[in-house]
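Working notes for the structure below.
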Number of protein chains: 2
Amino acid sequence: MTITQLQYVLAVAEYQNFTVAAEKSFVTQPTLSMQVQKLEDELDVRIFDRSKKPISITDAGKKIVAQAKNIVNEAKRIKDIVDQEKGFIGGEFTLGIIPTVMPTLLPMFLKTFINKYPKVNLVIREQNTDSLIRNLQDGHLDAGIAATPLDIEFITERPLYYEPFVGYVPPSHRLRKEEKLSPEDLDIHDILLLEDGHCFREGVVNLCKASQNFEDHFHLQSGSFETLVNLANEGLGMTLLPYLNAVDLDERKKSNLKYFEEPPPAREISLIYHKKELKLHITNALREVIASVVRGAIRFQDVKIISPVSKNGT
Amino acid sequence: MTITQLQYVLAVAEYQNFTVAAEKSFVTQPTLSMQVQKLEDELDVRIFDRSKKPISITDAGKKIVAQAKNIVNEAKRIKDIVDQEKGFIGGEFTLGIIPTVMPTLLPMFLKTFINKYPKVNLVIREQNTDSLIRNLQDGHLDAGIAATPLDIEFITERPLYYEPFVGYVPPSHRLRKEEKLSPEDLDIHDILLLEDGHCFREGVVNLCKASQNFEDHFHLQSGSFETLVNLANEGLGMTLLPYLNAVDLDERKKSNLKYFEEPPPAREISLIYHKKELKLHITNALREVIASVVRGAIRFQDVKIISPVSKNGT
DNA sequence: ATAAATTTATAAAAACTATCGATAAAACTT
DNA sequence: AAGTTTTATCGATAGTTTTTATAAATTTAT
């Protein structure tokens, strides 16, 4: 049994087709077919059922594929271990970012990072917190950026910055006359929120919960802050924006912003990664780059951190 | 990088010597040396420092060896997966048994098992509960036999039998005149106990705790029941024995046994294994064999199970 | 300090294996 | 039923692992 054979098996399992799998593995079809056969002979079990097309995986095959994935992944990590030992900052690095952070944070640090560490092949994925955690666990992500604290056993959280919430209050809104917002003033029923799954929503819900007894139903949920702002302008209520999104608004819309009293409620944005610390060198490099660019953009000493995790265990 | 190369590296790491490692790997020394070199070249890092003898492992090497162990172990499991899928009962199976169970239980089932399943290469290791749990976690053991309940997240417990405690009370002892023992009569200060680490001791301590407020100091601790019995005969106190140890005593000593009132305090002995259920077929076969031989030796309906785990978190 | 013994590295030859291109066989499509 | 797609088989070839033989380096013993 060789690692190559396992990789071939994984390719066939993925593409459900020997010819395609061979192409993707950069070998000819007979090469791949023979190696898969050899492994099947050695284990004395069929992994794939080729009697019909498209081919299917046998029961034993499913378990073998699962284990093969495991082995091939662990084998790949040998290279990471060596890189880390050498202090080499390079190779592939996959970073997941939650949707409400992505558009504002990514442009701030991306250029700086790829210039400073040109040998890192940075792969960015936009994912909500739940899939982010799952992908960190099974090794599909090397690190993630999410609202914290999450308090998950196998994850290390390294705070990057604290981002206050800012109110977007259109002229027609009852809170328009207030100089500063206070969490007690908020009414969850006239705040426009992002759709479920975005952890920013959980944060806002928690913020309102802190001052009100709150039942779980909303006027409306949308997928982007831009939509929320436009809906607010239509008189459908107010909305809350993270600070970095708020400063990105055009001048006309900025006039509708209302800040909170000190200390403003804020979300904690952290770099999170598996406690196994597999690519710690790159992770640390990333953290320093982000921290340095954010330091110029956000400067708040005293904030009140709002948890992104819903209390009733979503 | 091949699995063979990783195995060679592991052999060198284990024997700290290329020549011996080659013999143990059933290849010649140049074969092994060259493959290790090839891997070092591919990773571009020294794994072993050969400049002095005996050779030593580099820092990077240590990490590579740890990961290689992982990979090679996971690779071995492919074969297990296939065996299990086929319902084949065979291959290596490593079983850990706690010291206070080993001498009485092992002779009862070993012959039956190896006759019934001649293709299983059973490896038995005597280990205390703590190392048993550790070895189950890192895959060095396939199953274990220990006093339960342990209530450990990743472990499945399948009770095998309930073994009552029996008092060994020498003629001079104050409890000698009693017909039956009762937990309330016991005084931890004149019970001879096994040394720390044997979970049987924890069970007895818990039994006494149930009726007394108990401070942690003992007259004496020994490593074997035989010593305890002999010490008891010297007038140093009484001791408690598991039922199967008690019935193994010679006739003269048996006269000093005193049973508990119904329901007698008892320990639960279980077959424990990782929730991953890697060799479930063999584990189940083992459980059935043990359960069938024990059924003839111990027959109690109503017992009071004493936990083997110390309450103050040892 | 030098010789002997032990251990690891190197070199060339032999055995073995993965890969390829060409082609046959099987299964599916129309 | 013919054509298309997909997988298996075959022989040739390049590449790799392994072995035997031997050299180089290191340690131990005299």
Side-chain angles (χ1 to χ4, degrees), chain A residues 1-62 64-65 68 71-72 75-76 78-79, chain B residues 1-58 60-62 64-65 68 71-72 75 78-79:
Chain A
M1 184 172 79
T2 67
I3 294 173
T4 310
Q5 286 172 348
L6 296 178
Q7 285 170 327
Y8 290 165
V9 167
L10 290 186
V12 176
E14 182 172 358
Y15 300 106
Q16 302 279 324
N17 177 311
F18 280 72
T19 313
V20 176
E23 276 167 29
K24 300 285 181 178
S25 305
F26 306 107
V27 290
T28 57
Q29 170 265 318
T31 299
L32 183 134
S33 288
M34 287 190 79
Q35 287 307 320
V36 173
Q37 274 184 55
K38 256 191 71 179
L39 182 62
E40 287 180 323
D41 289 348
E42 184 185 330
L43 297 175
D44 194 28
V45 71
R46 297 285 90 181
I47 297 173
F48 301 104
D49 178 2
R50 305 143 165 96
S51 68
K52 290 200 188 95
K53 275 146 205 184
I55 58 164
S56 58
I57 307 187
T58 63
D59 287 348
K62 277 178 202 153
I64 291 170
V65 165
I71 295 168
V72 171
K76 272 186 195 157
I78 291 255
K79 190 93 191 76
Chain B
M1 184 171 78
T2 67
I3 294 173
T4 310
Q5 286 171 349
L6 296 178
Q7 283 170 326
Y8 290 164
V9 167
L10 290 186
V12 176
E14 181 172 0
Y15 300 107
Q16 303 279 324
N17 178 311
F18 280 74
T19 314
V20 176
E23 277 167 29
K24 300 285 181 180
S25 305
F26 306 107
V27 291
T28 57
Q29 169 264 319
T31 300
L32 185 135
S33 288
M34 286 191 80
Q35 285 308 116
V36 173
Q37 274 184 55
K38 254 191 71 179
L39 182 62
E40 287 180 323
D41 288 350
E42 185 185 331
L43 298 175
D44 194 27
V45 71
R46 297 284 91 182
I47 298 173
F48 301 104
D49 179 3
R50 304 144 166 95
S51 67
K52 289 201 190 95
K53 276 150 207 183
I55 58 164
S56 57
I57 307 188
T58 64
K62 277 178 201 153
I64 292 170
V65 165
I71 295 168
V72 171
I78 292 256
K79 190 94 190 73

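Every chain is numbered from 1 and lettered A, B, ... according to where its sequence line falls, protein lines coming before strand lines. Owing to the predicted nature of the structure, the values given are computational and were not obtained by experimental measurement.
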Checking only heavy atoms, does the side chain of A/Gln29 share a donor-acceptor pair with the base of D/dA8 at less than 3.5 Å?
yes

Of A/Lys52 and A/Pro30, the one whose closest nucleotide on DNA chain C sits nearer the 5' end is A/Pro30

Sorted by position of nearest nucleotide on DNA chain C, 5' first, the leading residue of A/Thr31 and B/Asn17 is B/Asn17

Nearest 0.5 Å, please: how far is [atom2] in [Y] from [atom1] in [X]?
{"X": "A/Ser25", "Y": "A/Gln35", "atom1": "OG", "atom2": "CD", "answer": "11.5 Å"}
{"X": "A/Gln5", "Y": "A/Leu32", "atom1": "CD", "atom2": "CG", "answer": "10.5 Å"}
{"X": "A/Tyr15", "Y": "A/Leu10", "atom1": "OH", "atom2": "CG", "answer": "11.0 Å"}
{"X": "B/Ile64", "Y": "A/Ile78", "atom1": "CD1", "atom2": "CD1", "answer": "6.0 Å"}

Rounded to whole angstroms, how far apart are [atom1] on [X] and [atom2] on [N]?
{"X": "A/Phe18", "N": "D/dT6", "atom1": "CZ", "atom2": "C1'", "result": "10 Å"}
{"X": "B/Ile47", "N": "C/dT8", "atom1": "CD1", "atom2": "C1'", "result": "16 Å"}
{"X": "A/Met34", "N": "C/dT23", "atom1": "CE", "atom2": "C1'", "result": "14 Å"}

Is there side-chain contact between B/Tyr8 and B/Leu39, with at least one heavy-atom pair below 4.5 Å?
no

Do A/Val45 and A/Thr58 touch side chain to side chain, with heavy atoms closer than 4.5 Å?
no

Does [X] make a side-chain N or O approach to OP1 or OP2 of [N] shorter than 4.0 Å?
{"X": "A/Arg50", "N": "D/dA8", "value": "yes"}
{"X": "A/Ser51", "N": "C/dA27", "value": "no"}
{"X": "A/Thr28", "N": "C/dT19", "value": "no"}
{"X": "B/Ser33", "N": "C/dA9", "value": "yes"}

Using a cut-off of 4.0 Å on non-hydrogen atoms, how would the nucleic acid contact of B/Tyr8 be classed: base, sugar-phosphate, or nothing?
sugar-phosphate

Polar atom pairs between nucleotides 14-16 of chain D and protein, under 3.5 Å, N or O only, would you list them?
none

